[in-house]
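Residue numbers count from 1 along this sequence. Here the structure is a predicted model, which means the values were calculated and not measured.
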Amino acid sequence: MLGIFLSASKKKRMQVFAELYEFNEQLLINLKYGRNPVSKVAEPFKFVPSVIKGEKVLNGKDGEVLSEYIVNLGKSDAVSQVDYLNGRKAQLEKLKNESFNDYKRYSSLYVKIFFMIGVLMAVLLA
């Protein structure tokens, strides 16, 4: 159980960056064709509306990345927004892939380590 609990932060980080990447893609499509408000585009996502409101979804450097991304949304004309979002696309894809790999690597590691500790404790107690 402790291994699953420790891997929860990696899972949340992975989900946030995956959602942010998809939100970025939806926002690009919206700016080119739809022109809906940013809050309307963010509705189907779990973490993005909280990020837009300025809530701390992630801590540390990841939280700073989210804050920097949100600062410029909706502040300029559509052409500038498309350029900004296209510029951020590569960074978000990199963070999405990095967080997925970290989650994949560390979550299974945590579960295996604490499972082995549990087995070791059971053997020692028996």
Side-chain angles (χ1 to χ4, degrees):
M1 292 299 285
L2 190 58
I4 293 171
F5 178 73
L6 288 175
S7 68
S9 65
K10 301 285 185 191
K11 182 177 183 180
K12 183 177 180 183
R13 182 176 184 258
M14 177 196 66
Q15 290 174 330
V16 168
F17 282 124
E19 277 191 9
L20 199 60
Y21 180 79
E22 290 301 319
F23 172 72
N24 192 63
E25 293 295 315
Q26 291 296 322
L27 206 52
L28 279 168
I29 292 170
N30 180 55
L31 283 171
K32 291 178 182 176
Y33 304 111
R35 308 287 173 136
N36 292 322
V38 173
S39 58
K40 178 100 172 150
V41 177
E43 283 178 3
F45 299 100
K46 180 179 177 183
F47 295 107
V48 173
S50 300
V51 172
I52 290 174
K53 290 177 187 173
E55 297 174 10
K56 287 278 188 179
V57 177
L58 296 175
N59 296 324
K61 188 177 178 182
D62 294 331
E64 292 173 13
V65 169
L66 295 177
S67 298
E68 290 172 9
Y69 177 79
I70 295 301
V71 163
N72 293 321
L73 291 184
K75 302 287 187 204
S76 61
D77 62 311
V79 175
S80 299
Q81 286 291 299
V82 169
D83 291 340
Y84 173 73
L85 293 172
N86 280 327
R88 289 296 195 143
K89 187 176 182 177
Q91 180 191 19
L92 290 174
E93 186 173 18
K94 178 184 171 218
L95 288 169
K96 179 182 88 161
N97 292 336
E98 177 185 298
S99 64
F100 176 74
N101 290 334
D102 281 351
Y103 171 68
K104 191 171 145 182
R105 181 181 320 124
Y106 290 114
S107 67
S108 65
L109 177 68
Y110 290 152
V111 171
K112 288 175 186 174
I113 286 174
F114 286 103
F115 177 75
M116 293 303 291
I117 290 172
V119 169
L120 180 64
M121 289 173 59
V123 168
L124 291 174
L125 291 175

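- Distance CG/Asn101 to NZ/Lys10: 11.5 Å, rounded to 0.5 Å.
- To the nearest 0.5 Å, the span separating CZ on Phe47 from CD1 on Ile52 amounts to 14.0 Å.
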Decide side chain to side chain contact (heavy atoms under 4.5 Å, CB included) for Lys56 and Leu66; before the verdict, give the C-alpha distance in whole Å, the side-chain angles of both, and the deciding distance to 0.1 Å.
CA-CA 9 Å; Lys56 287 278 188 179; Leu66 295 177; over 6 Å; no
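- Rounding to the nearest 0.5 Å places CD of Glu93 at 13.0 Å from CG of Leu20.
- For the side chain to side chain contact (heavy atoms under 4.5 Å, CB included) with Leu95, the qualifying choice from Phe100, Phe17, Tyr69, Tyr21 is Phe17, the only one to do so.
- In terms of heavy-atom proximity, Ala42 sits nearest to Pro49 at O-CG, 3.3 Å.
- Residues satisfying the side chain to side chain contact (heavy atoms under 4.5 Å, CB included) criterion with Pro37, sequence neighbours excluded, are Ser39, Lys40.
- Taken from CG in Asn72 to CD in Gln81, the straight-line distance is 7.5 Å, to the nearest 0.5 Å.
- By the 4.0 Å N-to-carboxylate-O rule, Glu98 lies close enough to Arg13 to be salt-bridged with it.
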Please determine whether side chain to side chain contact (heavy atoms under 4.5 Å, CB included) holds for the pair Tyr103 and Gln15, giving the CA-CA distance in whole Å, both sets of side-chain angles, and the decisive distance to 0.1 Å.
CA-CA 10 Å; Tyr103 171 68; Gln15 290 174 330; over 6 Å; no
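- Within the 4.5 Å cutoff, side-chain heavy atoms of Lys12 are placed close to those of Val57.
- Arg88 contributes atom CZ, which lies 4.5 Å from atom CD of Gln91 (distance to the nearest 0.5 angstrom).
- Criterion: ILVMFWY side-chain heavy atoms under 4.5 Å apart, direct or through other members. Under it, Ile29 and Val38 are not part of a common hydrophobic cluster.
- You'll find the side chain of Leu85 reaches within 4.5 Å of the side chain of Leu73, heavy atoms only.
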Steps toward side chain to side chain contact (heavy atoms under 4.5 Å, CB included) verdict (Ile117, Met121)
CA-CA 6 Å; Ile117 290 172; Met121 289 173 59; 3.9 Å; yes
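- Rounded to the nearest 0.5 angstrom, Met14 CE and Glu19 CD are separated by 10.0 Å.
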